[in-house]
Amino acid sequence: MEKHHHYGNVHVVEKLRQSIEIWYATSEYLRQEMNPSMGRNDATHRWRA
């Protein structure tokens, strides 16, 4: 019984990891689409008036 419980936890953790990866990829895509002139490492651009 304990093995099944452990595998269930691994499954939940894997689904959570996948959800986080999808969220990150989507947020990166949207960030680039919203401001294509902003470089990937240009954090100062956000603070310009």
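These numbers were taken from a predicted model, which means no experiment stands behind them.
- Taking CE of Met34 as the start and OH of Tyr29 as the end, the distance is 11.5 Å to the nearest 0.5 Å.
- Here Gln18 pairs with Glu14 under the side-chain contact (heavy atoms from CB on, under 4.5 Å) rule; sequence neighbours left out.
- Shown here are the side-chain contact (heavy atoms from CB on, under 4.5 Å) partners of Thr26, two or more places apart in sequence or in another chain: Ile22, Leu30.
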